[in-house]
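Inspection log for the structure reproduced underneath, given as C-alpha cells.
Computed from heavy atoms alone, side chains included, the values below leave out hydrogens, waters and symmetry copies. So you know, we letter chains A, B, ... as the sequences are listed, proteins then strands, and number each from 1. Since the model is a prediction, treat every value here as computed from it, not as a measurement.
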4 protein chains.
Amino acid sequence: MEKARRKEREFNLRRADILDAAVKIFAAKGFHNATVAEIAASSGFAIGTLYQFFAGKEQLYSALLTEKLTAMYAAIRAAVGGASDIVGKIEQLVDSQFRFVEENAEFCGIFVRGDYLSLSEGSAELRAGIRRDYARHVAFIAEVLRTGIRAGVLREMDPTTMATALTGIVNSYASQWIALAETESLRRKTSSALAIFLEGVRR
Amino acid sequence: MEKARRKEREFNLRRADILDAAVKIFAAKGFHNATVAEIAASSGFAIGTLYQFFAGKEQLYSALLTEKLTAMYAAIRAAVGGASDIVGKIEQLVDSQFRFVEENAEFCGIFVRGDYLSLSEGSAELRAGIRRDYARHVAFIAEVLRTGIRAGVLREMDPTTMATALTGIVNSYASQWIALAETESLRRKTSSALAIFLEGVRR
Amino acid sequence: MEKARRKEREFNLRRADILDAAVKIFAAKGFHNATVAEIAASSGFAIGTLYQFFAGKEQLYSALLTEKLTAMYAAIRAAVGGASDIVGKIEQLVDSQFRFVEENAEFCGIFVRGDYLSLSEGSAELRAGIRRDYARHVAFIAEVLRTGIRAGVLREMDPTTMATALTGIVNSYASQWIALAETESLRRKTSSALAIFLEGVRR
Amino acid sequence: MEKARRKEREFNLRRADILDAAVKIFAAKGFHNATVAEIAASSGFAIGTLYQFFAGKEQLYSALLTEKLTAMYAAIRAAVGGASDIVGKIEQLVDSQFRFVEENAEFCGIFVRGDYLSLSEGSAELRAGIRRDYARHVAFIAEVLRTGIRAGVLREMDPTTMATALTGIVNSYASQWIALAETESLRRKTSSALAIFLEGVRR
DNA sequence: GATGAATGAGGCTTCATTCAT
DNA sequence: TATGAATGAAGCCTCATTCAT
C-alpha cells in the first residue's frame with residue numbers, strides 16, 4: 001500500500017514538528033515551566049493532538065532527549081571512524097561534538113540550562129538510560145585513547161580518566177559558547193581544545 | 001542589648017537548619033519535585049515558619065545556591081592565595097574545588113542532577129547571578145593563568161580559554177565522582193587533573 | 001425500488017452489530033468508562049461510522065436500553081397473553097422475565113452493575129422514558145393481578161402494591177443469578193418465586 | 001491534650017459536612033456527572049480542602065457508600081436483635097430498612113438512580129466490598145429465616161432463596177417510594193410487605 | 001512567634017465529536 | 001459513504017502561600 005507509506009511519513013513529519021517546537025520551549029523554560037498547552041500552540045497543533053504522538057509530557061521530553069543524544073553519539077562515532085590515526089580521531093571527536101552543538105544549540109541549551117533530568121521520580125528509567133549512554137560514550141572515547149596509548153602516542157595513564165578530562169574540556173567550551181550566545185563558530189575552537197588536551201598549557 | 005545578639009544567632013542557626021534539610025531534598029528530587037511541606041517536615045519546622053526565614057520556595061532555593069557557591073568561590077580564592085608559585089596556585093585551584101565537592105557532595109549533586117536552574121521565568125535574576133559569579137570565577141582563574149603566561153611558565157594562549165579548559169576538566173572529574181558515588185577520595189585525582197592540564201596527554 | 005429495501009436491511013444489520021458490541025462494553029465497564037473508540041473497534045466500524053447510526057454516545061446507550069426493554073416488555077406481555085388462567089399468567093410473567101434475563105445476561109448486567117441511568121443531566125428524557133415504561137409494566141402486572149382479585153383467586157389488596165412485590169421478587173432472583181454468575185438455569189427458580197409470591201413463606 | 005480532641009472532633013464534623021453535601025450531588029447527578037468543584041462549593045470548602053479529608057473523588061464516593069451501608073446494616077441487625085420471635089424479627093427487618101430509607105432518601109436515591117458502582121475499573125475493591133457486605137446481609141437474613149424454619153414457623157425451603165425474595169420485596173417497595181417521591185410514610189407499608197412475604201397473595 | 005489547615009490557580013490528560021479526505 | 005486524525009472543553013488533582021489561632 002502506497003497510502004500507508006505516506007501516512008507514516010506524514011506522521012513522522014508531524015512528530016518532528018512537535019519535537020522541534022518542544023525543544024525551543026523546553027530549552028527556554030525547563031521541563032516543569034514548559035506547559036503542554038504552550039508546546040501545542042507553538043507547534044501549531046491542538047493539545048489533544050500531541051497525545052496522539054506522545055503518551056504524555058514526560059514521554060515527549062524523554063523522546064526528545066533520547067533521540068537527539070542517540071543521533072549525537074552516532075554522529076561522533078561516525079566522525080571518529082572516518083579518521084585513521086589517533087590524533088585525527090581525537091580531533092574528530094572534538095570537532096564532531098562541536099558541530100553537533102552548533103547545529104543543535106537550542107537542544108544543548110537544555111543541558112547548559114541544566115534541567116535535563118528534573119523529572120518526576122517515576123522516570124528513573126530515562127535518567128538511567130541517559131547516564132548509561134553517557135557512560136558508554138565515555139567508554140568509547142576511552143577505547144580510542146587506549147589505542148593511542150598502546151601505539152605509544154599517548155602517555156601511560158588510565159584511559160577513562162583521560163576520556164573524562166577530554167569530555168570535560170569539550171563540554172566546557174561548548175557550555176561557554178552556548179551560555180554567552182557567541183556568534184563565532186565553535187568549531188574554530190577545535191584546535192585550541194585539542195592542543196590543551198594533547199600538549200597541556202605548560203610551556 | 002545582649003538579647004538581640006542571641007536572637008540573631010538563633011535565627012541564623014535555624015536558617016542553617018532549614019538550608020541543610022533543603023539541600024538533601026532538593027538534591028534528591030530536584031527543585032520542582034521537592035515540596036515545601038517536605039522540607040518543613042524534614043527540618044523540624046512548620047510550613048509557616050519557613051516563610052519567616054525565606055520569602056518563598058524559590059528564594060530558599062536561591063539562597064541555598066548563592067550562599068554555597070559564594071562560600072565555594074571564597075574557599076577557592078583563599079586556597080589559591082595561600083600558594084606562592086603559579087603551579088602551586090593551579091594545584092590549589094583544583095584541590096580546593098575537589099575538597100568542596102567532597103565536603104558538599106549532596107549540594108553538588110544538584111548540579112550533576114542538573115536542575116540548578118529550573119526555576120520559573122521570573123527568577124532570571126538568580127540565573128543571571130549564578131552565571132555572573134561563574135563568569136567572575138573563570139575570570140579569576142584566567143587572571144591567575146595570565147600571571148603564569150607572563151612569567152613564562154605557561155604557553156602563550158588566551159587565558160580565558162585556558163581557564164575554560166581547566167574548569168571543564170575539574171567539573172568533569174567531580175561529576176564522575178558524584179555520579180558514580182565513588183567512595184575513594186576525589187582529591188587523590190588532583191595530581192592527575194593537574195598533569196593533564198599542564199602537560200597534556202601526548203607522550 | 002428493490003435497492004432501497006436492501007439498503008435498509010443492511011443498515012439495520014449494521015446497527016444491530018453496533019448495539020451488540022456496545023452491550024458487551026457497556027455491561028463490562030459502565031457508561032462513562034466505555035469509550036466510543038472502544039465500541040467502534042469492537043464492532044468493526046470506524047468511529048465516524050457509528051455517528052451515522054447514532055447521533056452520539058448517549059443516544060447509542062439510550063437506543064440500547066430502550067429497544068431491549070421494549071422487547072422485554074413485549075415478550076412478557078405476549079407470554080402472559082398466552083396463558084388463560086390467573087396463576088398461569090403470573091407464572092408466565094415470572095418465567096418470561098427469567099428467560100429474558102438468561103438470554104440477555106450481559107444486557108441485564110448493566111442494571112445489576114447499576115449504571116443504567118448515569119447519564120448527563122441533559123438526558124432526563126431517557127430516564128423519564130425508562131421510568132415511564134417501568135411504571136406501565138407495573139401497571140400491566142397490576143391489571144393482571146386485579147383480574148385475579150376480581151376472580152376471587154387473589155387476596156383483596158392493592159394490586160399495584162402486589163405488583164411491586166412481585167417485580168421485587170423477580171428482580172432480586174435475577175440479580176442474584178447475574179451477580180453470582182450462576183450457571184444453573186434461572187428458569188428453574190420460577191416455581192420457587194411463584195410459590196413465595198402466591199403462598200408466602202409461613203407454614 | 002484537650003486540643004487534639006477538639007481537633008479531631010472538628011475534623012470529623014467537617015468531614016461529615018462534606019459527605020452530606022456529596023450525597024446530595026451524587027444522588028442528583030451520579031458519580032461521573034458530579035464534579036469535585038461542585039461538591040466543594042456545595043459543602044462550603046475549597047477544592048483543595050476536600051483533598052485533606054479524602055484522597056480523591058472515588059475515595060470520597062467510596063467512603064460515602066461504605067459508611068452509610070455499614071450504618072444501615074448495623075441498624076437492621078440491632079432492630080432484629082431487639083425482637084424475640086421470628087415474625088417479630090422479620091417485621092423489624094422490614095421496618096428498620098424502611099426507616100433507614102426514609103431517613104436517608106437522598107442516599108438511597110443513589111441506588112435507585114443506579115450508578116452506585118459505575119466507577120473506574122481500578123476500584124474493583126469497592127465494588128467487591130459492597131457486594132460482599134450485601135452477601136453477608138442476605139446471609140444474615142437467611143440465618144434469621146433458618147431459625148424460623150427450624151422452629152416450624154416457616155415453610156421448609158432454602159433460606160437463602162427466601163432471603164432473596166424478602167430483600168427483593170423490601171427493595172422494590174423502597175424504590176417505588178423513592179422514585180415516586182411519595183410523601184406518605186414508607187413504614188406504613190411494613191405490614192403490607194410482611195403480609196405478602198409471609199402469607200402470599202393467594203386467597 | 002509558631003503553626004498547619006485552608007485556599008484556588010493552574011497543569012496534565014481524556015475523550016466525544018467533527019470534518020476533510 | 002466510510003474513515004480516523006484532529007480538536008479543545010472540562011475535569012481531577014497538586015502544592016506554594018496565607019492567615020486565623
Side-chain angles (χ1 to χ4, degrees), chain A residues 3 6-7 10-11 14 31-41 43-60 120, chain B residues 7 10-11 14 31-41 44-61 120, chain C residues 7 10-11 14 31-41 44-61 120, chain D residues 3 6-7 10-11 14 31-41 43-60 120:
Chain A
K3 207 174 160 188
R6 189 169 56 241
K7 276 257 167 122
E10 277 221 358
F11 181 91
R14 291 171 202 279
F31 176 74
H32 279 98
N33 295 114
T35 69
V36 172
E38 204 175 0
I39 295 169
S43 64
F45 291 98
I47 292 173
T49 306
L50 294 207
Y51 285 83
Q52 299 202 334
F53 293 87
F54 303 95
K57 190 190 181 187
E58 283 208 7
Q59 284 81 353
L60 166 55
S120 76
Chain B
K7 279 249 169 141
E10 274 219 2
F11 181 91
R14 289 171 200 274
F31 177 73
H32 278 97
N33 295 114
T35 68
V36 172
E38 206 173 0
I39 294 169
F45 292 97
I47 293 174
T49 308
L50 293 206
Y51 282 82
Q52 302 196 332
F53 292 88
F54 303 94
K57 190 190 181 188
E58 285 209 1
Q59 286 80 355
L60 165 55
Y61 191 64
S120 75
Chain C
K7 279 250 167 139
E10 275 218 1
F11 181 90
R14 289 170 200 277
F31 177 73
H32 278 97
N33 294 115
T35 68
V36 172
E38 206 174 358
I39 294 169
F45 291 97
I47 294 175
T49 307
L50 293 206
Y51 282 83
Q52 302 197 333
F53 292 88
F54 303 95
K57 190 190 181 187
E58 285 208 3
Q59 286 80 356
L60 166 55
Y61 192 64
S120 76
Chain D
K3 207 175 162 186
R6 189 169 58 239
K7 277 258 167 119
E10 278 221 357
F11 180 90
R14 290 171 202 279
F31 177 74
H32 279 98
N33 296 113
T35 69
V36 172
E38 204 175 359
I39 295 170
S43 64
F45 291 98
I47 293 174
T49 306
L50 295 208
Y51 285 83
Q52 300 202 333
F53 293 87
F54 303 95
K57 190 190 181 188
E58 283 209 6
Q59 285 82 352
L60 166 55
S120 78

When the distance from [atom1] of [X] to [atom2] of [N] is rounded to whole Å, what number comes out?
{"X": "Glu38(D)", "N": "dG8(E)", "atom1": "CD", "atom2": "C1'", "value": "17 Å"}
{"X": "Asn33(D)", "N": "dA16(E)", "atom1": "CG", "atom2": "C1'", "value": "14 Å"}
{"X": "Lys57(A)", "N": "dG10(E)", "atom1": "NZ", "atom2": "P", "value": "15 Å"}
{"X": "Phe54(C)", "N": "dA16(E)", "atom1": "CZ", "atom2": "C1'", "value": "16 Å"}
{"X": "Glu58(D)", "N": "dG11(F)", "atom1": "CD", "atom2": "P", "value": "16 Å"}
{"X": "Glu10(D)", "N": "dG4(E)", "atom1": "CD", "atom2": "C1'", "value": "14 Å"}
{"X": "Arg6(D)", "N": "dT3(E)", "atom1": "CZ", "atom2": "C1'", "value": "15 Å"}

- Message: Please report the end-to-end axis angle for the helix from dA2(E)-dT21(F) to dT21(E)-dA2(F), five pairs per end, rounded to 10 degrees.
- Response: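 One end's axis against the other's: 0°.
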- Item | With sequence neighbours excluded, residues passing side chain to side chain contact (heavy atoms under 4.5 Å, CB included) with Ala55(D) |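 Once residues adjacent in sequence are excluded, the partners of Ala55(D) under the side chain to side chain contact (heavy atoms under 4.5 Å, CB included) criterion are Gln59(D).
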- Task: Take Tyr51(B) and Val36(D), find for each the nucleotide of DNA chain F with the closest heavy atom, and name the residue whose nucleotide sits nearer the 5' end.
- Result: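 Its nearest nucleotide lies further toward 5', so the answer is Val36(D).
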- Message: Applying the side-chain hydrogen bond (donor to acceptor under 3.5 Å, both in side chains) criterion to Glu10(D), which one of Arg6(D), Arg14(D), Lys7(D) satisfies it?
- Response: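 The residue from Arg6(D), Arg14(D), Lys7(D) that satisfies side-chain hydrogen bond (donor to acceptor under 3.5 Å, both in side chains) with Glu10(D) turns out to be Arg14(D).
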Could you give the side-chain donor-acceptor pairs of residues 43-54 of chain D under 3.5 Å, partners two or more places apart or in another chain?
residue  : atom : partner  : partner atom : Å
Ser43(D) : OG   : Ile39(D) : O            : 2.9
Ser43(D) : OG   : Ala40(D) : O            : 3.0

- Note on the structure: Nearest heavy-atom contact between His32(A) and Lys57(A) is O-NZ, 3.7 Å
- Quick one: on DNA chain E, does Ala37(A) or Thr35(C) contact a more 5' nucleotide (nearest heavy atom)? Ala37(A)
- Message: On DNA chain E, does the nearest nucleotide to Gln59(A) precede the nearest nucleotide to Ala55(C) from the 5' side, or the other way round? Give the residue.
- Response: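 Result of the comparison: Gln59(A).
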- Query: Looking across every strand, which nucleic acid part, if any, lies under 4.0 Å from Ala41(C) by heavy atom: base, sugar-phosphate, or nothing?
  - Reply: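 Here Ala41(C) touches no strand at all.
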- Query: Could you run down nucleotides 1-9 of chain F 5' to 3' and tag each one B, S or - for protein heavy-atom contact under 4.0 Å?
  - Reply: -BBBSBBB-
